[in-house]
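What follows is a set of notes on a single structure, which appears directly below.
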Amino acid sequence: MGKQISIFVENKPGKISKITEILGKNKINLKAMTIADSGSFGIIKIMTDNNQKAYEVLKDNNFLVSLQDVVVVEIPDKVGSFHKVAKILERNDINIEDAYGFITQEGVKAVLILKVKDTKKVEEILKNRGYKVIQF
Amino acid sequence: MKQKQDFSSSPDYWEEKIELIEKGKLRDIQLEGLISSFERAKKSEFYKFKFKDFEKIKNIDDFEKLPFTTKFDLVENDPFAFLSTDIKNIVRVHSSSGTTGRSKYIFYTKRDINTWADTVARCLYMIGVRKEDVFQNMMSYGLFTGGLGLHYGAERIGCLIIPAGTGNTEKQLELMKQLKTTVIHITPSYLLYIAHFIEENGLSPKREFNLRIAVVGAEPHSETTRRKLENIFGINVYNCYGLSEMNGPGVAFECPFKDGLHLWEDQYYMEIINPKTGKVLKEGEEGELVLTTLKREGMPLIRYRTGDLTKIIKEKCKCGRTHRKIQRIKGRADDMFIVKGVNIFPSQIETVIMDFPEVDKNYQIIIDRKEGLDILTVQIEIKKDFFKGDINELKNLQEKIREELKEKILVTPIVEFVEPGTLPTTTGKAKRVIDKRRL
């Protein structure tokens with residue numbers, strides 16, 4: 001199963017750089033980042049090349065963090081490929097709570113990160129349709 | 001409780017005769033005390049002048065005509081103006097932790113120290129402290145009365161005392177562990193901090209220690225905070241009330257029934273007044289506590305306005321002690337702040353937020369004014385185990401806390417969640433309210 005890290009942050013300057021600094025010092029490569037904001041605070045979601053370690057170092061640095069299950073699926077980097085995945089999930093009556101992605105190889109491959117209720121089930125569905133599900 | 005102590009071999013009261021004294025007799029002692037205290041006070045420069053129009057007092061009615069003594073009187077006059085005996089008889093001075101402005105000085109004769117120690121012993125004995133106990137005193141020693149006051153009381157009982165003082169949490173925990181501390185005396189905010197510290201280090205507050213009792217004082221705190229502390233440590237937590245002007249800790253103390261604090265009426269005469277009009281209120285009405293020392297030799301204080309808000313509990317206590325109880329202090333009259341014209345006590349806010357299990361033990365109240373409007377912000381730390389990374393969950397919690405606060409304090413606050421460890425924790429008295437309007 002794929003993992004992402006959610007970090008609670010106050011809405012203040014310097015919060016992101018504190019996180020990236022810690023990751024850098026620990027030689028952790030940041031793959032993707034997205035921010036949900038709610039006025040005075042927000043939640044930063046990140047994916048790295050070593051999520052368990054990233055979770056631990058952030059926790060040690062007194063961050064409010066949580067490790068969550070997500071579906072990480074590889075898709076071709078071309079028009080319509082996200083749509084295909086979304087369509088499959090729609091047909092299976094699955095709600096996407098949150099989604100973001102990043103390109104791994106320009107024009108060739110991208111990675112899609114999906115937050116869903118039943119991560120395992122979605123991974124199965126996508127695997128059965130020939131998608132490569134990545135385990136971070 | 002960790003280990004049940006066998007009390008069957010020791011009596012239940014430190015001074016049975018005085019603790020169970022018949023009501024009528026207690027009133028006689030009080031009137032005697034008031035008359036002699038008045039006479040003694042008039043030997044001091046301050047009261048000689050203040051009471052120049054009062055020849056004698058014969059009864060409570062006469063007494064209630066005397067003017068109040070205030071904190072202002074104490075800081076504005078020469079400290080020695082309050083001495084009613086020669087300085088050669090004074091053996092100790094303490095000073096209040098003065099949150100505002102100048103210090104108040106309190107003088108003790110040898111006998112005053114003795115009486116005080118005995119009263120504190122009475123308090124500690126009441127909650128089950130015995131000479132077998134190891135008593136770690138985590139209050140500041142020195143001018144503050146909290147440290148030495150409980151020290152002398154515990155010594156009177158015969159406890160093994162660890163005069164640890166405040167701060168240096170790691171050392172405190174080491175002492176607690178190695179010396180098998182059974183009783184601690186501490187501020188509630190520092191005890192919360194220690195709980196946090198222990199959990200942070202992956203230890204269990206319940207399993208690590210031999211603790212059975214914590215005496216908490218020096219800061220007003222809520223019933224919820226007490227219950228929280230009791231649950232975290234698996235011990236009994238008792239509330240202690242005192243103020244340096246009335247010797248220090250031990251003026252009133254909870255008995256094992258934990259429903260109000262017995263105020264030692266053989267030592268202090270209490271009145272509850274309307275803080276605005278100064279009118280003496282009926283038993284059971286809420287107002288400002290006014291105290292008169294009945295036995296103090298060095299520095300009698302007459303009708304001293306404590307600034308603390310409480311009420312007298314009318315009902316007889318199941319423990320049998322006849323000294324009337326006061327309710328847990330609601331706040332200092334000067335702790336109260338006014339936002340949008342509404343009077344608010346920090347304790348009201350504390351009670352609400354501590355009821356949320358998702359909330360950690362630190363909070364801060366910030367009052368500011370923008371474009372002529374008061375803004376009340378309550379900053380709260382979220383508990384680590386609660387955070388699941390879901391922003392909606394946090395938003396809902398924020399909304400729930402805001403609604404709950406609005407219902408209790410009648411002002412809609414801004415509820416802010418802050419990162420763990422960002423709110424200041426202090427080892428002494430915690431500063432919970434920051435009023436930026438005065439700056």
Side-chain angles (χ1 to χ4, degrees), chain A residues 1-19 21-22 32-48 51-52 54-71 95-100 113-117 119, chain B residues 169 193 196-202 353 356-368 370 375-403 405 412-425 434 436:
Chain A
M1 227 177 295
K3 298 276 184 195
Q4 75 173 8
I5 300 159
S6 296
I7 312 153
F8 173 89
V9 280
E10 287 167 48
N11 203 348
K12 277 182 193 165
K15 292 294 172 189
I16 292 182
S17 78
K18 180 87 202 292
I19 293 170
E21 187 191 338
I22 292 166
M33 175 185 266
T34 167
I35 300 175
D37 155 61
S38 171
S40 69
F41 67 87
I43 289 177
I44 296 179
K45 286 171 225 168
I46 58 168
M47 180 161 284
T48 70
N51 286 325
Q52 189 59 40
Y55 170 74
E56 271 151 30
V57 296
L58 287 168
K59 204 170 174 181
D60 288 347
N61 277 280
N62 221 6
F63 274 98
L64 203 52
V65 281
S66 147
L67 206 52
Q68 294 162 318
D69 294 336
V70 284
V71 178
N95 185 37
I96 301 175
E97 291 167 14
D98 193 13
Y100 56 104
I113 300 151
L114 302 168
K115 178 93 178 73
V116 291
K117 219 177 216 122
T119 310
Chain B
T169 306
Y193 173 74
H196 186 68
F197 186 88
I198 295 172
E199 283 166 354
E200 280 282 283
N201 288 280
I353 60 181
F356 284 88
E358 300 92 340
V359 164
D360 222 324
K361 295 131 206 144
N362 276 325
Y363 68 92
Q364 199 160 44
I365 298 161
I366 298 165
I367 311 150
D368 209 345
K370 272 191 190 126
I375 299 163
L376 175 69
T377 307
V378 183
Q379 293 186 326
I380 303 169
E381 286 180 16
I382 295 297
K383 246 196 207 141
K384 281 191 176 158
D385 331 333
F386 169 75
F387 181 67
K388 297 282 180 297
D390 187 344
I391 200 155
N392 290 321
E393 205 171 343
L394 287 179
K395 277 197 219 161
N396 289 340
L397 178 66
Q398 201 180 19
E399 183 60 30
K400 268 201 309 204
I401 297 176
R402 180 167 50 227
E403 283 305 308
L405 281 170
T412 310
I414 296 171
V415 172
E416 266 181 15
F417 292 148
V418 297
E419 290 164 25
T422 48
L423 295 179
T425 49
I434 296 171
K436 292 183 174 169

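Excluded from the calculations below are hydrogen atoms, water molecules and symmetry mates; all remaining heavy atoms, backbone and side chain alike, are included. To find a chain, count down the sequence lines: A is the first, B the second, and so on, and within it residues start at 1. For clarity, every value in this text was computed on a predicted model and none was experimentally measured.
- Side-chain contact check for B/Glu200 versus A/Asn62: some heavy-atom pair is nearer than 4.5 Å.
- Heavy atoms of B/Ile382 lying under 4.5 Å from chain A belong to its backbone as well as its side chain.
- Using a 4.5 Å cut-off between heavy atoms, A/Asp98 does not touch chain B at all.
- Considering all non-hydrogen atoms of both residues, A/Ser6 and B/Gly389 come closest at CB-CA, 3.5 Å.
- Only the side chain of A/Ser40 comes within contact range of chain B, judged by heavy atoms closer than 4.5 Å.
- Counting heavy-atom neighbours within 6.0 Å of A/Lys15 NZ, excluding the residue itself, gives a total above 12.
- With a 4.5 Å cut-off on non-hydrogen atoms, B/Gln398 touches chain A through its side chain but not through its backbone.
- For A/Lys12, no part lies under 4.5 angstrom from a heavy atom of chain B.
- Only the backbone of A/Val65 comes within less than 4.5 Å of a heavy atom of chain B; no side-chain atom from C-beta onward does.
- Using a distance-only test at 3.5 Å, with no hydrogens or angles considered, a donor-acceptor pair links the side chain of B/Glu419 to the main chain of A/Glu10.
- The two atoms that bring A/Ile43 and B/Phe387 nearest to each other are CD1-CE1, 3.8 Å, heavy atoms only.
- For the pair A/Ser38 and B/Ile391, the tightest heavy-atom approach, listed with the atom from each and the gap, is CB-CD1, 3.8 Å.
- Between B/Phe417 and A/Phe41, the angle of the ring planes lies from 30° to 60°, which puts this pair in the tilted group.
- For A/Leu67, no part lies under 4.5 angstrom from a heavy atom of chain B.
- Here the straight-line distance linking atom CZ of B/Phe386 with atom CZ of A/Phe8 works out to 11.0 Å at 0.5 Å rounding.
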